[in-house]
Amino acid sequence: MPTAALVSLATSVPPNIFLQKDVLAATWDSLRERLPEFERYASIFSNTGIIKRHAVKPFDWYLEPRGWPERTEAFLEGAEALFVDVAQKALATAHLAGSDIDTVVTVCSTGIATPSLEARVARVMGFRSDVTRVPVFGLGCAGGVSGLSIASRLAQARPGTNVLLVTIELCTLALRHDELTKANIVAVSLFGDGAAAVILRAGDGGVTRIENSGEHLYHPRFRHRASQPRRDADSGSHAAVDGGHRPVHLPSRRHQGRQRAGDGIFTQSRDARPRTAGSRRLRQYVSAHGVVRT
């Protein structure tokens with residue numbers, strides 16, 4: 001059976017550009033009174049190395065709390081525009097029209113649309129009425145590579161057909177003014193909006209090929225309800241049978257202070273004391289960029 005080949009690749013971002021120093025300034029104004037420890041966490045804005053990001057809405061739109069109706073309206077408007085733009089770019093590179101697409105795989109975890117996005121833009125894109133639609137939701141950061149795996153297997157199953165994969169994430173719309181947590185600060189410091197598209201075809205052409213693909217369900221805190229963790233005395237870790245699949249080894253409690261991937265850069269060992277270096281770096285950063293005047 002022929003492997004799937006990548007025929008074209010395209011990316012797209014919305015027009016609104018946010019400089020990292022401006023995002024930090026707005027976050028500082030919003031959180032410094034309500035979250036006293038924000039100064040200790042805020043150094044992540046400079047540590048990310050991010051200079052700018054793109055968003056579907058202007059900067060001022062995010063300064064006020066927004067409800068679900070407003071967020072949904074913004075998602076539909078922004079996601080549809082990005083879908084059309086990035087898909088048309090991929091089609092142009094592949095010298096194809098929308099009517100040449102046999103399968104559309106749409107990946108998104110930051111918004112829900114019913115009908116799904118590819119159906120909403122089908123007329124604009126020129127998709128045929130018999131096009132196969134595969135909307136994929138909820139895979140988060142793994143959505144892009146998982147979508148590519150799904151799309152490649154669909155292309156391989158029907159050699160000669162064109163499979164369009166579009167992945168869209170509008171992370172800025174998930175901004176929460178009421179979440180005074182480290183996770184929310186990390187999200188504000190990292191994420192923006194954008195889309196990518198590829199066209200796959202098995203049998204001929206392409207600039208590279210997907211030799212193999214697969215998926216493995218794993219989460220460091222996942223437990224199958226029928227499985228019981230057991231102590232592995234030799235490795236000093238807990239092993240749990242992951243849903244009947246291979247054992248998953250998890251760090252023992254005495255190692256969790258050093259190996260807690262879920263806590264990211266904010267993890268400290270139990271005997272660690274708060275440090276002031278982050279505060280000094282923050283003050284130096286904002287002073288150099290003219291963000292905050294004290």
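Below, all heavy atoms of this structure are taken into account, side chains as well, without hydrogens, waters or symmetry copies.
Residue V7 comes nearest to A94 through the heavy atom pair CG1-CB, 3.7 Å, listed as atom of the first residue, atom of the second, then distance. Looking at every heavy atom in both residues, V107 comes nearest to G147 through CG2-CA, 3.8 Å. Between A202 and P2, the shortest heavy-atom distance links the atoms CB-O, 4.0 Å. Nearest heavy atom pair, residue A4 against residue S152, reads CB-O, 3.6 Å. Nearest heavy atom pair, residue Q20 against residue S189, reads NE2-O, 3.1 Å. Across all their heavy atoms, A90 and A10 have their closest contact at N-CB, 3.6 Å.
When the side chains of ILVMFWY residues are joined at heavy-atom separations under 4.5 Å, either directly or via intervening members, V124 and L96 end up in a single hydrophobic cluster. Residues V166 and V145 do not share a hydrophobic cluster, clusters being chains of Ile/Leu/Val/Met/Phe/Trp/Tyr side chains in contact below 4.5 Å. Under a hydrophobic-cluster definition in which Ile, Leu, Val, Met, Phe, Trp and Tyr are linked whenever side-chain heavy atoms come within less than 4.5 Å, directly or via other members, F18 and V13 are assigned to different clusters. Put simply, L190 and L175 are part of the same group of oily side chains (I, L, V, M, F, W, Y) that touch within less than 4.5 Å, one to the next. A continuous path of ILVMFWY side-chain contacts below 4.5 Å connects L180 to W28, so both sit in one hydrophobic cluster.
The main-chain N or O of N162 is found under 3.5 Å from a side-chain atom of D102 such that the two form a donor-acceptor pair. Between the side chain of R128 and the backbone N or O of S99 there is at least one donor-acceptor pair closer than 3.5 Å. Distance alone, capped at 3.5 Å, is enough to place a donor-acceptor pair between the D100 side chain and the A97 backbone.
The distance from atom CG of L170 to atom SG of C108, rounded to the nearest 0.5 Å, is 6.0 Å. To the nearest 0.5 angstrom, I210 atom CD1 is 8.5 Å from T3 atom OG1. In this structure, the separation between CG on L19 and CD1 on I50 is 12.0 Å, given to the nearest 0.5 Å. Within the model, atoms CG of D22 and CD1 of I17 stand 11.5 Å from one another, a figure rounded to the nearest 0.5 Å. Distance CD1/I150 to CG/L165: 9.0 Å, rounded to 0.5 Å. Here the CG atom belonging to L173 is positioned 8.0 Å from the CZ atom belonging to F75, to the nearest 0.5 angstrom.
Tested against E77, the residues R120, R71, K57 include a single salt bridge (charged side-chain N to carboxylate O under 4.0 Å, His left out) partner, K57.
Side-chain contact, D85 with S12: a donor N or O sits under 3.5 Å from an acceptor N or O.
Looking at P69 and E73, their side chains never come closer than 4.5 Å, going by heavy atoms from C-beta outward. Between R158 and T132, the closest side-chain pair of non-hydrogen atoms falls below 4.5 Å. Using a 4.5 Å heavy-atom cutoff, the side chains of L6 and L200 are in contact. Annotation: side chain of V188 is in contact with side chain of F45 (closest heavy-atom distance under 4.5 Å). With contacts defined as side-chain heavy-atom distances shorter than 4.5 Å, the pair L91/M125 qualifies. V134 has its side chain within reach of L154: a pair of non-hydrogen atoms, C-beta onward, lies under 4.5 Å apart. Side-chain atoms of V23 and F59, non-hydrogen and from C-beta on, do get closer than 4.5 Å to each other. Side-chain atoms of L31 and R34, non-hydrogen and from C-beta on, do get closer than 4.5 Å to each other.
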Applying side-chain contact (heavy atoms from CB on, under 4.5 Å) to V56 and W61, what does each step give before you reach the verdict? CA-CA 10 Å; V56 293; W61 189 90; over 6 Å; no
Could you go step by step and tell me if V105 and V136 meet the side-chain contact (heavy atoms from CB on, under 4.5 Å) rule? CA-CA 7 Å; V105 179; V136 180; 4.1 Å; yes
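For F137, the ring pair (Phe, Tyr, Trp, His ring centres under 6.0 Å) criterion is met by no residue, not counting sequence neighbours.
Each side-chain hydrogen bond (donor to acceptor under 3.5 Å, both in side chains) pair with one or both residues in residues 166-176, not counting sequence neighbours, appears once here: Y62-T172, T110-E169, T172-D193, R176-D178.
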